[in-house]
Trainee: 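Encoded as structure tokens, here's the structure I'll be asking about.
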Amino acid sequence: EVQLVESGGGLVQPGGSLRLSCAASGFTFSSFKMHWVRQAPGQGLEWVSYISSGGESIFYGDSVKGRFTTSRDNARNSLYLQMNSLRVEDTAIYYCAREATDICNFDYWGQGALVTVSS
Amino acid sequence: QSALTQPRSVSGSPGQSVTISCTGTSSDVGGYDFVSWYQQHPGKGPKLMIYDVTKRPSGVPDRFSGSKSGTTASLTISGLQAEDEADYHCCSYAGTSHYVFGAGTRVSVL
């Protein structure tokens, strides 16, 4: 069974940092592209970042570029999101999602990790 | 990259059909046949319902269908059922490994 489990969420002050992890199981992690997608309270989904299966290609949405860093460790079946210079507007549930072979086909999602940025 | 435009809410009675639109630009929806739709019940994570504009993953009822015309994609739910009440989000590829979502549409079953 495919499972994605996020961890590392919590409360952080503006300007602070936080690192999210996503543990993958039930599939060959190293064969799949992965993404981070977030959802602010009461809002729609927002694409955050993409990382290729081998980690060579990484792209970010405009709102997080330069502040967030996505990485993966295929040996540990894990995906990471390092969030620096956090802002109040970064408050959201952060999901990791697997992209199937078809583009823009996010076929499995984690349960989400809540990040709250507040003083 | 601006969010795709979706109606805030749509509603219908059981058995009726409802259609949710998702409007983008020639740089996303209009430029690629890579549009997907996700269903999200309160407090839950998103679930893939449609990908590649019209394809349904295994296990998704055939009352869910997708289409696209120009820069607007659509999700139609035929034979609306109580369990279809949820939020629905569209997503489009926007080139160079960038993606854009819509703001989401609340479907209510009257």
Side-chain angles (χ1 to χ4, degrees), chain A residues 1-6 9 22 24 32-65 68 70 72 89 92-114, chain B residues 1-9 20 22-24 27-29 31-60 66 68 73 86-106:
Chain A
E1 177 193 6
V2 172
Q3 281 199 315
L4 298 170
V5 180
E6 300 93 339
C22 171
F32 287 85
K33 298 171 281 187
M34 297 295 295
H35 297 258
W36 288 100
V37 177
R38 70 184 182 182
Q39 186 171 33
Q43 302 299 310
L45 301 171
E46 179 187 9
W47 174 73
V48 172
S49 72
Y50 155 94
I51 185 167
S52 59
S53 58
E56 310 88 357
S57 295
I58 304 173
F59 294 93
Y60 300 94
D62 290 342
S63 60
V64 307
K65 198 178 304 181
F68 289 12
T70 293
R72 65 191 296 163
E89 54 265 35
I93 297 173
Y94 285 74
Y95 296 99
C96 63
R98 187 182 87 165
E99 185 175 9
T101 48
D102 301 88
I103 294 174
C104 204
N105 175 357
F106 302 112
D107 60 349
Y108 284 96
W109 298 65
Q111 85 289 351
L114 177 62
Chain B
Q1 192 73 45
S2 299
L4 305 175
T5 300
Q6 295 183 235
R8 195 162 187 87
S9 64
I20 305 167
C22 171
T23 301
S27 297
D28 39 62
V29 176
Y32 307 92
D33 285 334
F34 299 126
V35 175
S36 52
W37 290 89
Y38 302 86
Q39 178 190 65
Q40 186 179 31
H41 287 105
K44 303 291 188 182
K47 174 188 175 184
L48 177 67
M49 304 301 284
I50 295 287
Y51 67 98
D52 288 355
V53 178
T54 61
K55 298 177 182 177
R56 264 190 322 274
S58 172
V60 172
K68 192 186 87 166
D87 293 329
Y88 291 83
H89 309 271
C90 62
C91 176
S92 174
Y93 184 63
T96 324
S97 296
H98 281 68
Y99 305 75
V100 60
F101 283 90
T105 297
R106 172 66 55 86

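Note on naming: letters A, B, ... go to the chains in the order of the sequence lines (proteins, then strands), and numbering restarts at 1 for each one. Keep in mind that what you see is a predicted model, and the values were worked out from it rather than measured.
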Trainee: Which atoms of Gln111(A) are under 4.5 Å from chain B, going by heavy atoms: the side chain, the backbone, both sets, or neither?
Mentor: neither
Trainee: With a 4.5 angstrom heavy-atom cut-off, is it the side chain or the backbone of Ser92(B) that approaches chain A, or both, or neither?
Mentor: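 Contact with chain A involves the backbone of Ser92(B) alone.
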Trainee: For Gly45(B) and Tyr95(A), work out which heavy atoms get closest and say how close.
Mentor: CA-CE2, 3.8 Å
Trainee: Report which part of Tyr108(A) has an atom under 4.5 Å of a heavy atom belonging to chain B: side chain, backbone, both, or neither.
Mentor: neither
Trainee: Roughly how far, to the nearest 0.5 Å, is the OG atom of Ser97(B) from the CD1 atom of Ile51(A)?
Mentor: 11.5 Å
Trainee: Out of Glu46(A), Lys33(A), Glu99(A), which one racks up the most heavy-atom pairs below 4.5 Å with chain B?
Mentor: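 The residue among Glu46(A), Lys33(A), Glu99(A) with the greatest pair count is Glu99(A).
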Trainee: With a 4.5 Å cut-off on heavy-atom pairs, point out which of Asp102(A), Ile58(A), Val37(A), Asp107(A) contacts chain B the most.
Mentor: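 Looking at each option in turn, the highest pair count goes to Asp102(A).
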Trainee: For His98(B), which atoms come within 4.5 Å of any heavy atom of chain A: side chain, backbone, both, or neither?
Mentor: both
Trainee: Grab the two heavy atoms, one from Cys104(A) and one from Tyr38(B), that are nearest each other, plus how far apart they are.
Mentor: O-OH, 3.3 Å
Trainee: Going from CZ on Phe101(B) to CD on Gln43(A), what distance comes out if it is rounded to the nearest 0.5 angstrom?
Mentor: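 The distance works out to 14.5 Å.
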Trainee: Working to the nearest 0.5 Å, report the span between CG of Asn105(A) and OH of Tyr51(B).
Mentor: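 Asn105(A) CG to Tyr51(B) OH: 6.0 Å, rounded to 0.5 Å.
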Trainee: Between Trp47(A) and Tyr99(B), what is the ring plane arrangement, given parallel below 30°, perpendicular above 60°, and tilted in between?
Mentor: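 Ring orientation, 0 to 90° scale: tilted.
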Trainee: Is chain A contacted by the side chain of Pro57(B), its backbone, both, or neither, given a heavy-atom distance below 4.5 Å?
Mentor: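 The answer is neither part of Pro57(B).
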Trainee: So do the side chains of Cys91(B) and Phe106(A) get within less than 4.5 Å of each other, counting heavy atoms only?
Mentor: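 Yes - at least one pair of side-chain heavy atoms lies under 4.5 Å apart.
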Trainee: Go through the atoms of Gln40(B) and report whether side chain, backbone, both or neither lie under 4.5 Å from a heavy atom of chain A.
Mentor: side chain
